[in-house]
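What you see is a predicted model, and the numbers here were worked out from it, not measured in a lab.
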Amino acid sequence: MKKWYDEEYEFTVTVTGFLRGSKTEHYCRNGEEVGDVYKCTYGCPVNNQGYGICSKTMMMLYPIMEAVRSGGDLTKVGGSSAYEKDLVCPDGCVLFHLKAESLGNENFHTGGFYHTGENE
């Protein structure tokens with residue numbers, strides 16, 4: 001991997017609770033526990049142990065992250081602020097809190113980083 005672009009946003013995803021029950025065993029296949037924190041910029045969120053977030057949850061997170069990257073306001077889709085939103089995993093088990101933080105870098109598309117055509 002050769003990361004060459006400084007992303008616009010950093011995302012933090014925190015496990016805040018369970019919809020039902022109080023433990024991860026026999027409940028959450030990925031083993032999410034309250035307090036787990038995942039971080040990423042463009043790639044998939046990983047925790048401090050190097051484990052990735054649940055793949056089903058990532059399917060939900062990606063469009064929300066793209067909305068932020070596109071200048072969207074998460075309050076328009078139920079967020080608590082422009083850059084924060086609470087979510088329930090697709091299996092209806094785990095509660096997550098997503099928070100985006102602007103890093104002050106230019107947008108990938110409007111900043112002219114995306115080029116089509118031959119390799120340079």
Side-chain angles (χ1 to χ4, degrees):
M1 181 172 174
K2 183 180 177 184
K3 186 73 174 160
W4 57 269
Y5 169 69
D6 292 326
E7 294 289 340
E8 262 185 289
Y9 292 94
E10 179 179 60
F11 296 92
T12 302
V13 182
T14 305
V15 177
T16 58
F18 298 115
L19 197 57
R20 299 176 300 275
S22 61
K23 61 181 184 163
T24 195
E25 291 85 5
H26 307 286
Y27 189 59
C28 172
R29 186 174 181 167
N30 206 46
E32 311 291 6
E33 295 182 291
V34 174
D36 284 349
V37 175
Y38 296 85
K39 291 187 176 263
C40 69
T41 54
Y42 187 75
C44 295
V46 295
N47 63 22
N48 61 3
Q49 297 171 311
Y51 293 111
I53 202 158
C54 169
S55 56
K56 290 180 187 179
T57 298
M58 188 59 206
M59 289 189 312
M60 288 180 47
L61 291 173
Y62 181 75
I64 296 167
M65 293 171 163
E66 282 295 283
V68 169
R69 291 183 188 109
S70 302
D73 179 340
L74 296 181
T75 62
K76 296 182 180 188
V77 291
S80 58
S81 76
Y83 290 156
E84 295 187 54
K85 181 168 175 54
D86 292 312
L87 309 149
V88 178
C89 79
D91 288 332
C93 298
V94 181
L95 303 170
F96 293 95
H97 180 79
L98 170 72
K99 182 177 182 179
E101 180 182 345
S102 175
L103 299 175
N105 299 320
E106 286 192 72
N107 178 275
F108 183 73
H109 294 282
T110 61
F113 295 97
Y114 182 73
H115 299 286
T116 58
E118 294 183 25
N119 292 335
E120 298 173 0

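- Checked by atom type and distance alone, the side chain of Tyr5 pairs as donor or acceptor with a backbone atom of Phe108 at under 3.5 Å.
- Residues forming a side-chain contact (heavy atoms from CB on, under 4.5 Å) with His26 (at least two apart in sequence, or on another chain): none.
- Under a hydrophobic clustering in which Ile, Leu, Val, Met, Phe, Trp and Tyr are joined whenever their side-chain heavy atoms come within less than 4.5 Å, directly or via other members, Val46 and Val37 fall into different clusters.
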For residues 89-96, run the donor-acceptor check on the side chains, cut-off 3.5 Å, and write out each pair with its distance to 0.1 Å, sequence neighbours left out.
{"residue": "Asp91", "atom": "OD1", "partner": "Lys56", "partner atom": "NZ", "Å": "3.1"}
{"residue": "Asp91", "atom": "OD2", "partner": "Lys56", "partner atom": "NZ", "Å": "3.3"}

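- Interatomic distance, Thr14 OG1 to Asp86 CG, rounded to the nearest 0.5 Å: 10.0 Å.
- Remark: the backbone N or O of Gly104 is not paired with any side-chain donor or acceptor of Asp6 at under 3.5 angstrom.
- Pairs of residues two or more places apart, or lying in two chains, never qualify as ring-ring contact (aromatic ring centres under 6.0 Å, His included) while including a residue from residues 36-79.
- Leu61 CG to Cys40 SG: the interatomic distance, rounded to the nearest 0.5 Å, is 8.0 Å.
- Of all heavy-atom pairs between Gly111 and Glu106, the closest is CA-OE1, 3.5 Å.
- By the neighbour-count criterion of 12 heavy atoms within 6.0 Å, atom NZ of Lys99 is sparsely surrounded, having that number or fewer from other residues, nucleotides or ligands.
- In this structure, Glu32 CD and Ile53 CD1 are separated by 5.5 Å, a value rounded to the nearest 0.5 Å.
- In this structure, the salt bridge (charged side-chain N to carboxylate O under 4.0 Å, His left out) partners of Lys3, at least two apart in sequence or on a different chain, are Glu7.
- Interatomic distance, OG1 of Thr110 versus CD of Glu8, reported as 6.5 Å (0.5 Å rounding).
- Residues passing the side chain to side chain donor-acceptor pair (under 3.5 Å) test with Glu84 are His97, sequence neighbours excluded.
- For the atom pair OH (Tyr9) and CD (Glu101), the distance works out to 11.0 Å, reported to the nearest 0.5 Å.
- Between Phe18 and Tyr27, the two ring planes are perpendicular [angle over 60°; tilted spans 30° to 60°].
- Placement of Leu103 and Tyr83 in two distinct hydrophobic clusters is found when ILVMFWY residues are connected by side-chain heavy-atom separations under 4.5 Å, directly or transitively.
- Residues Val13 and Pro45 approach most closely at CG2-CG, 4.4 Å, considering heavy atoms.
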With a 3.5 Å cut-off and sequence neighbours excluded, list the donor-acceptor pairs that the side chains of residues 63-72 form with protein atoms.
{"residue": "Glu66", "atom": "OE2", "partner": "Arg69", "partner atom": "NH1", "Å": "2.6"}
{"residue": "Arg69", "atom": "NH2", "partner": "Thr41", "partner atom": "O", "Å": "2.8"}
{"residue": "Ser70", "atom": "OG", "partner": "Glu66", "partner atom": "O", "Å": "2.8"}

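- Here the shortest heavy-atom pairing between Phe11 and Leu98 reads CD2-CD1, 3.9 Å.
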